[in-house]
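Structure record follows, encoded as structure tokens.
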Amino acid sequence: MTLMLIAHLSDLHLYTERSETGQAPANIRYIVEGIVSDLLGLQPQPDLVVISGDLADGGTEEDYLLIRQLLAPLTMPIMAVPGNHDRREAMRLGLGDRLTGLQEGKFLHSRVDADGVTLLGLDSVIVGQPQGALCSKRLDWLEGELRKTQPLTFLVMHHPPFMTGNPHWDAYSLIEGRERFRQIIDASPKRILCGHIHQPLHIQWGLHYGAIAGSPAFQYNLVPGSKAAPAENQVAYSYPLHHCQPDGSVLVHLRHIT
């Protein structure tokens with residue numbers, strides 16, 4: 001296994017005409033331009049950029065043309081899965097030939113293999129709903145792909161499969177397929193990269209490491225153990241860099257954007 005550097009982005013919420021959430025700021029394209037510039041300034045640069053959903057905030061064809069334009073300066077491969085504010089057909093049409101490892105078929109699954117590392121991207125979208133699901137077809141695909149993987153395996157999905165402890169968030173996470181998903185992956189440790197809740201979070205979930213990336217569009221600042229509804233908060237944005245080591249360990253660095 002060789003050194004590999006993976007940048008994890010999520011929830012960009014880019015749009016051209018209308019923000020579906022009503023929360024993405026008008027200057028989000030310039031914020032994302034700053035993130036791209038920061039990625040290009042890293043030495044060494046990441047070997048792969050992973051985006052765990054909600055690239056768009058409504059998912060029109062024009063939105064994905066904008067996303068393509070903003071990501072164009074990045075020369076490294078980009079792997080992405082859809083979120084609940086994306087649209088599968090428009091995302092595949094606008095970005096399909098730019099996204100590495102994208103699979104054919106209804107769902108926007110992905111697979112990337114490098115020296116000692118496998119990344120599997122799972123489409124967890126329920127069309128028209130904020131919650132996520134892994135139906136039997138999607139879980140069958142995952143089970144098949146896991147039969148042959150590298151020693152270090154990452155799973156990328158928009159909706160967290162684990163509980164955060166906040167009832168307002170957990171009701172909108174993965175609501176279908178969690179039990180079988182856990183059974184499928186429990187044969188060996190995995191690293192699960194998610195988005196959706198707009199607050200960085202890390203968890204040791206049984207054998208597995210789980211991480212939720214923040215959002216450059218808008219974020220929350222929930223106190224651990226709180227049962228209150230999350231409120232939007234002006235907190236600093238950072239994105240994680242996962243540095244895979246030759247011995248199979250992974251260092252996670254936070255890259256702060258000012």
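Here the structure is a predicted model, which means the values were calculated and not measured.
- Transitive grouping of hydrophobic side chains (ILVMFWY, heavy atoms separated by less than 4.5 Å) brings Leu102 and Ile78 into a common cluster.
- With values rounded to the nearest 0.5 angstrom, Leu95 atom CG is found 7.5 Å from Tyr64 atom OH.
- Here the CZ-CG distance, from Arg255 to Leu39, works out to 8.5 Å after rounding to the nearest 0.5 Å.
- Applying the salt bridge (charged side-chain N to carboxylate O under 4.0 Å, His left out) criterion to Asp115, with sequence neighbours excluded, gives no partner residue.
- We find that Glu89 and Lys106 are not joined by a salt bridge, their nearest charged nitrogen and carboxylate oxygen being 4.0 Å or further apart.
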Let me check something: any side-chain donor-acceptor pairs from residues 223-230 under 3.5 Å, sequence neighbours excluded? List them with distances.
| from | atom 1 | to | atom 2 | distance (Å) |
| --- | --- | --- | --- | --- |
| Ser226 | OG | Ala228 | N | 3.1 |
| Lys227 | NZ | Gly165 | O | 3.0 |

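- Remark: the backbone N or O of Thr118 is not paired with any side-chain donor or acceptor of Asp113 at under 3.5 angstrom.
- Using a 4.5 Å heavy-atom cutoff, the side chains of Leu174 and Phe162 are not in contact.
- Between Arg18 and Asp63 there is no salt bridge, since no side-chain nitrogen of the basic residue lies less than 4.0 Å from a carboxylate oxygen of the acidic one.
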Could you list the donor-acceptor pairs under 3.5 angstrom formed between side-chain atoms of residues 144-154 and any protein atom two or more places apart in sequence or on another chain?
| from | atom 1 | to | atom 2 | distance (Å) |
| --- | --- | --- | --- | --- |
| Glu145 | OE1 | Arg111 | NH1 | 2.8 |
| Gln150 | OE1 | Gly116 | N | 3.4 |
| Thr153 | OG1 | Gln150 | O | 3.3 |

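- When side chains are defined from C-beta on, Cys244 counts as touching Ile6, because their heavy atoms get closer than 4.5 Å.
- By the 4.5 Å heavy-atom criterion applied to side chains, His208 and Asp186 are counted as neighbours.
- Heavy-atom minimum distance, Pro77 versus Thr100: CB-CG2, 3.8 Å.
- Leu55 contributes atom CG, which lies 5.0 Å from atom CG of Asp86 (distance to the nearest 0.5 angstrom).
- Remark: His196 pairs with His158, His159 by the ring pair (Phe, Tyr, Trp, His ring centres under 6.0 Å) rule, at least two apart or across chains.
- The hydrophobic cluster of Val127 has no other members, since no ILVMFWY side-chain heavy atom comes under 4.5 Å of it.
- Taking CG from Leu12 and CD1 from Ile35, the interatomic distance works out to 6.5 Å, rounded to the nearest 0.5 Å.
- With sequence neighbours left out, Arg180 forms a salt bridge (charged side-chain N to carboxylate O under 4.0 Å, His left out) with Asp140, Glu143.
- The two residues Phe107 and Cys135 come nearest to each other via the heavy atoms CZ-SG, 4.0 Å.
- No hydrogens or angles considered: a donor-acceptor pair under 3.5 Å links the side chains of Gln23 and Glu232.
- By the 4.5 Å heavy-atom criterion applied to side chains, Leu251 and Gln245 are counted as neighbours.
- Residues meeting the ring pair (Phe, Tyr, Trp, His ring centres under 6.0 Å) test with His85, sequence neighbours left out: His13.
- Hydrophobic clustering (side-chain heavy atoms under 4.5 Å, transitive across Ile, Leu, Val, Met, Phe, Trp, Tyr) keeps Tyr15 apart from Phe218.
- When Leu207, Leu120, Leu155 are each tested for a side chain to side chain contact (heavy atoms under 4.5 Å, CB included) with Ile185, only one passes: Leu155.
- Shortest non-hydrogen contact noted between Leu139 and Gly177 is CD1-O, 3.9 Å.
- A donor-acceptor pair is defined here as one N or O able to donate and one able to accept, closer than 3.5 Å; no such pair exists between the side chain of Gln69 and the backbone of Leu65.
- Within a 6.0 Å sphere centred on OH of Tyr172, heavy atoms belonging to other residues, nucleotides or ligands number 12 at most.
- The shortest distance between side-chain heavy atoms of Gln199 and Ile212 does not fall below 4.5 Å.
- The one candidate from His242, His202, Lys190 that meets the side chain to side chain donor-acceptor pair (under 3.5 Å) condition with Tyr209 is His202.
- Connectivity analysis of hydrophobic side chains (ILVMFWY, heavy atoms under 4.5 Å, direct or indirect) links Met163 to nothing; its cluster partners are none.
- Interatomic distance, CG of Leu142 versus CG of Leu134, reported as 7.5 Å (0.5 Å rounding).
- Of all the heavy atoms in Ile197 and Trp169, the pair that sits closest is O-CZ2, 3.4 Å.
- When all heavy atoms of Ser19 and Asp57 are compared, the closest pair comes out as OG-OD2, 2.8 Å.
- Under a hydrophobic clustering in which Ile, Leu, Val, Met, Phe, Trp and Tyr are joined whenever their side-chain heavy atoms come within less than 4.5 Å, directly or via other members, Leu9 and Leu14 fall into the same cluster.
- Residues that satisfy the ring pair (Phe, Tyr, Trp, His ring centres under 6.0 Å) test with Tyr239, not counting sequence neighbours, are absent from this structure.
- The CG atom of Leu71 lies 12.0 Å from the OG1 atom of Thr75; values are rounded to the nearest 0.5 Å.
- Under the rule for a ring pair (Phe, Tyr, Trp, His ring centres under 6.0 Å), Tyr237 has no partner lying at least two apart in sequence or in another chain.
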What pairs of donor and acceptor atoms, side-chain ones from residues 42-53 against any protein atom, are under 3.5 angstrom apart with sequence neighbours left out?
| from | atom 1 | to | atom 2 | distance (Å) |
| --- | --- | --- | --- | --- |
| Gln45 | NE2 | Leu40 | O | 2.9 |
| Asp47 | OD2 | Leu5 | N | 2.7 |
| Ser52 | OG | His8 | NE2 | 2.9 |
| Ser52 | OG | Ser10 | OG | 2.7 |
| Ser52 | OG | Cys194 | O | 3.1 |

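- Both Ile31 and Leu74 belong to a common hydrophobic cluster when Ile, Leu, Val, Met, Phe, Trp and Tyr are linked at side-chain heavy-atom distances under 4.5 angstrom.
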- Would you sort out whether Val156 and Ser110 count as a side-chain contact (heavy atoms from CB on, under 4.5 Å), showing the intermediate values? CA-CA 9 Å; Val156 182; Ser110 301; over 6 Å; no

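- Grouping the Ile, Leu, Val, Met, Phe, Trp and Tyr side chains by contacts below 4.5 angstrom, directly or via other members, places Ile203 apart from Leu193.
- With Phe181 as reference, Met157 is the one residue of Arg138, Glu176, Met157 to meet the side chain to side chain contact (heavy atoms under 4.5 Å, CB included) rule.
- Within the 4.5 Å cutoff, side-chain heavy atoms of Ile175 are placed close to those of Ile126.
- Residues Gly94 and Arg68 approach most closely at O-NH1, 2.9 Å, considering heavy atoms.
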- Item | Pair Gln129-Asn84, side-chain contact (heavy atoms from CB on, under 4.5 Å): steps then yes or no | CA-CA 7 Å; Gln129 299 296 324; Asn84 52 293; over 6 Å; no

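- Under the 4.5 Å side-chain criterion, counting only non-hydrogen atoms from C-beta, Leu119 is in contact with Met4.
- Other residues, nucleotides and ligands contribute at most 12 non-hydrogen atoms within 6.0 Å of the CD atom of Glu17.
- Residues Thr60 and Thr16 have side chains in contact (heavy-atom distance under 4.5 Å, counting atoms from C-beta outward).
- A donor-acceptor distance shorter than 3.5 angstrom exists from the side chain of Asp123 to the backbone of Val125, with no hydrogens or angles considered.
- For the side-chain hydrogen bond (donor to acceptor under 3.5 Å, both in side chains) test, residues two or more places apart in sequence or in another chain that qualify with Asp170 are Thr164.
- The closest side-chain donor-acceptor pair between His198 and Asp11 falls under 3.5 angstrom.
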